[in-house]
Amino acid sequence: DQQVKQNSPSLSVQEGRISILNCDYTNSMFDYFLWYKKYPAEGPTFLISISSIKDKNEDGRFTVFLNKSAKHLSLHIVPSQPGDSAVYFCAANSGGSNYKLTFGKGTLLTVNP
Amino acid sequence: NAGVTQTPKFQVLKTGQSMTLQCAQDMNHNSMYWYRQDPGMGLRLIYYSASEGTTDKGEVPNGYNVSRLNKREFSLRLESAAPSQTSVYFCASSERGRAQPQHFGDGTRLSIL
């Protein structure tokens with residue numbers, strides 16, 4: 001049973017517009033969430049994270065929102081750039097350590113010039 | 001600044017052959033991890049090593065063994081490869097602590113015929 005779900009396999013947006021990537025989770029023990037970006041033939045790279053004690057975290061063009069009651073988080077990219085085209089993975093963990101990350105299946109974002 | 005280095009990048013095996021995937025990190029991280037990624041799936045944790053001298057099972061450990069050789073190196077061994085182990089394998093490392101993200105290598109693409 002998938003504990004972290006990214007229900008949109010792909011998303012296409014125009015350069016300069018907002019990209020919104022969504023993630024839902026079912027395990028109420030999850031209390032730390034991360035987003036990773038992955039280009040083809042490379043490993044994932046860390047993008048941004050959020051603790052369950054917050055509802056928003058911002059880093060430049062990237063903002064992550066957490067709605068604990070809905071068990072939902074989203075990643076906003078504003079403005080979107082062609083170099084943002086990649087697969088984005090949502091991940092979660094619990095228990096105070098960073099050892100066991102549970103990943104979603106990923107969303108392929110394509111930003112069109 | 002190499003980060004996490006995985007060797008080999010590609011390998012083709014026959015069913016029943018054995019193989020060791022190598023991983024080394026130069027960031028002086030305490031923790032290291034092995035994941036596999038299958039088409040349309042997120043990354044799944046095979047084994048992890050929270051610190052030198054310790055290893056623990058992840059979500060999908062069957063058919064694999066690991067060795068934390070020293071603080072820098074963490075190897076993954078397939079004793080008798082099976083077609084179901086065809087996958088892309090990623091090694092990662094991190095410092096301890098909830099807010100410490102995992103840093104990934106570029107992967108080993110393994111095909112088992």
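Note that this is a predicted model, so its numbers are computed, not measured. Values reported hereafter were calculated over all heavy atoms of this structure, with side chains retained and with hydrogens, waters and symmetry mates removed. Within every chain, numbering begins at 1; the chains are lettered A, B, ... in the order of the sequence lines, protein sequences first and strands thereafter.
Proximity to chain B (any heavy atom under 4.5 Å) is shown, for A/Y39, by neither the backbone nor the side chain. At a 4.5 Å heavy-atom cutoff, B/E59 makes no contact with chain A through either its backbone or its side chain. Interface residue B/L45: only side-chain heavy atoms are found under 4.5 Å from chain A. Residue A/F89 touches chain B through its side chain alone, counting heavy-atom pairs closer than 4.5 Å.
Checked by atom type, the side-chain pair A/S74/A/N22 shows no donor-acceptor distance below 3.5 Å. Under the 3.5 Å distance criterion, with hydrogens and angles disregarded, no donor-acceptor pair is assigned to the side chains of A/Y32 and A/S94.
Shortest non-hydrogen contact noted between A/D84 and A/L109 is O-CD2, 3.8 Å.
The main-chain N or O of B/G107 is found under 3.5 Å from a side-chain atom of B/Q6 such that the two form a donor-acceptor pair.
Counting heavy-atom pairs closer than 4.5 Å to chain A, the top-ranked of the candidates B/K9, B/Q37, B/R44 is B/Q37.
Atom CZ of B/R77 sits in a crowded spot, with more than 12 heavy atoms from other residues, nucleotides or ligands closer than 6.0 Å.
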